Number of protein chains: 4
Amino acid sequence: MKFLIDTSSRVPIYRQLTQQIRESVARGTLRPETKLPSVRELSKELVINPNTIARVYTELEREGILNTRPGLGVFVAHPKSELTKKVRKERLVELVDQFLTEAVHLGFSSNEVISLLGQRAEQFQWMTVET
Amino acid sequence: MKFLIDTSSRVPIYRQLTQQIRESVARGTLRPETKLPSVRELSKELVINPNTIARVYTELEREGILNTRPGLGVFVAHPKSELTKKVRKERLVELVDQFLTEAVHLGFSSNEVISLLGQRAEQFQWMTVET
Amino acid sequence: MKFLIDTSSRVPIYRQLTQQIRESVARGTLRPETKLPSVRELSKELVINPNTIARVYTELEREGILNTRPGLGVFVAHPKSELTKKVRKERLVELVDQFLTEAVHLGFSSNEVISLLGQRAEQFQWMTVET
Amino acid sequence: MKFLIDTSSRVPIYRQLTQQIRESVARGTLRPETKLPSVRELSKELVINPNTIARVYTELEREGILNTRPGLGVFVAHPKSELTKKVRKERLVELVDQFLTEAVHLGFSSNEVISLLGQRAEQFQWMTVET
DNA sequence: GTGGTCTAGACCACC
DNA sequence: GTGGTCTAGACCACG
């Protein structure tokens, strides 16, 4: 696993990192039970304060994406969604609309967007059954 | 135009407003040359600090979505993208991947996502020609 | 609102505080939309590092109990449960069993426990409708 | 007796084990004078560091739930509470309130909680006489 | 060795 | 003024 942090970005470091881990998990690059680098390791590698890494791991744990085992390390969790169907649908609609808004402003056509989405979607790990 | 601000949201007010204006323009609800309310009007209507409104207008103008004509008011700009094809494409790919990442974690299937996107896309105003 | 921190307890400070706030909200002592003391205020009052307070607020926000509005302060959120009926039921059963285990070891009779629970339950703010 | 350790839980192993033993005793599944597996046996069976098992036994002995008889093994102790009535009552009230706090936040009604508690209580071994 | 907690103090974004 | 982010460094719990 390689993570890239851009300290000159306005996006907070911890958010860049959570996003990258979230995406790797969604793509299946990081699979369940994979051990992530330890807080200290990663903090050295990325030249970032250990607290910041710890924060990332804590936050992803609360989201159910990671799984920390005291004394052992941090691992990718098995996927599960505990949210109500209703809430999940609402969030998805919101995401879709925000995404479409930006796509329109970038000047793309509907077809271009849908086509690209279809292509990229193949690179992700989708649920086959509803939870 | 009606804007709705939820002060009990953790999303900053200025961001809620920019998002709503951006989305209205993308949907065609707000069309080019439409005059927006003045900073003072809108700040009274939404009971929001005028500075916050001014900030919103400034930001959207910087994005090329609005147009301030001194002494006349603020107007919706004609769509134009000053970005190169390459940059726009890169940005879109980034957006798509972020969107897909979140959709996966919400536990949806690929088909559900693509289908919803297709539906919602019909409500937006798309470019028919490349700029 | 009065919060009491016992720095000599083995229970982490941030956990003592989250527990007290959670309980106050559950009892209705802290009602929705109530503003909590600012991070700086509370950190002075309790002689605790501001970061620790901030952590408490962040965590309770993620649980949906609080609601922070940047620049304005932290408020008690309106109650809502976004978890699946199934997950909620599982958690409740687990809580009940843990509770009963401890009650047995304390040497109480079933009747004593149920009776006390009934009494104390009256002091809490219960849902009237399922969400 | 079967103990199940979930190494992918954020709950420390030693705590999972103490909890399971405590609960088994409270349910009467483990009865007084029952011999528990030796530290070595159990550590092999559960694939857990022997130190961790030893720690569990030590802690439960301190609580008066187990009894180590040197050379013979570890046994379930006869129930006895050395705490005064007052202390035990205070502790129970604290437990009840914590339990109710969580139940409220899970979005249950008072009746649902009391009813479930009544059901589960039947599976435990209660004192019939005050000690 | 692992992660969790806490402190101290800096700087930024928001209203 | 508010909270959010980040750093530096200490100490504890866990296996």
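Values reported hereafter were calculated over all heavy atoms of this structure, with side chains retained and with hydrogens, waters and symmetry mates removed. Note that the coordinates shown come from a computational prediction; the quantities given were computed from them, not determined experimentally. The chains referred to below are lettered A, B, ... by the order of the sequence lines, with proteins before strands, and numbering in each begins at 1.
Within the nucleic acid shown, N51(B) has no heavy atom closer than 4.0 Å to any nucleic acid atom. Across all strands, R10(B) comes closer than 4.0 Å only to sugar-phosphate atoms, never to a base (heavy-atom distances). Residue I48(C) is classed as a sugar-phosphate contact, given heavy-atom separations below 4.0 Å to backbone atoms only. Nucleic acid contact for I13(D): sugar-phosphate only, since backbone atoms but no base atoms lie under 4.0 Å from a heavy atom of the residue.
The minimum heavy-atom distance linking G64(B) with A77(B) is given by the pair O-CB, 3.5 Å. Closest approach of D6(A) to S8(A), counting heavy atoms only: OD1-OG, 2.7 Å.
Tested against L66(A), the residues T34(A), V56(A), L30(A), L60(A) include a single side-chain contact (heavy atoms from CB on, under 4.5 Å) partner, L60(A).
Inter-residue side-chain proximity for R10(B) and R69(C) is flagged as unmet; no heavy-atom pair is nearer than 4.5 Å. Using a 4.5 Å cut-off on side-chain heavy atoms (C-beta onward), Q125(C) and R27(C) make no contact.
In this structure, G71(C) and T7(A) both approach DNA chain F, and ranking their closest nucleotides by distance from the 5' end singles out G71(C). Comparing R55(A) and P70(A) along DNA chain F, the residue whose closest nucleotide (by nearest heavy atom) sits nearer the 5' end is R55(A). The nearest heavy atom of DNA chain E to E41(A) and to T52(C) marks one nucleotide each, and the one closer to the 5' end goes with E41(A). Nearer the 5' end of DNA chain E, as judged by each residue's closest nucleotide, is the contact made by R15(C), out of R15(C) and V11(B).
Across the protein-nucleic acid pair, L42(D) atom CG and dG15(F) atom P stand 14 Å apart, rounded to whole Å. As a whole-Å value, the separation of R69(A) CZ from dG15(F) C1' is 13 Å.
A salt bridge links R91(B) with E102(A): the distance from a Lys NZ or Arg NE/NH1/NH2 to an Asp or Glu carboxylate oxygen falls below 4.0 Å. No salt bridge links R62(C) with E63(A); every basic N to acidic carboxylate O contact stays at or beyond 4.0 Å.
Of all nucleotides in DNA chain E, those with any atom nearer than 4.0 Å to a heavy atom of chain B start and finish, going 5' to 3', at dC14(E) to dC15(E).
With a 3.5 Å ceiling on both atom-pair distances, the Watson-Crick or G-U wobble partner of dC14(F) is dG1(E).
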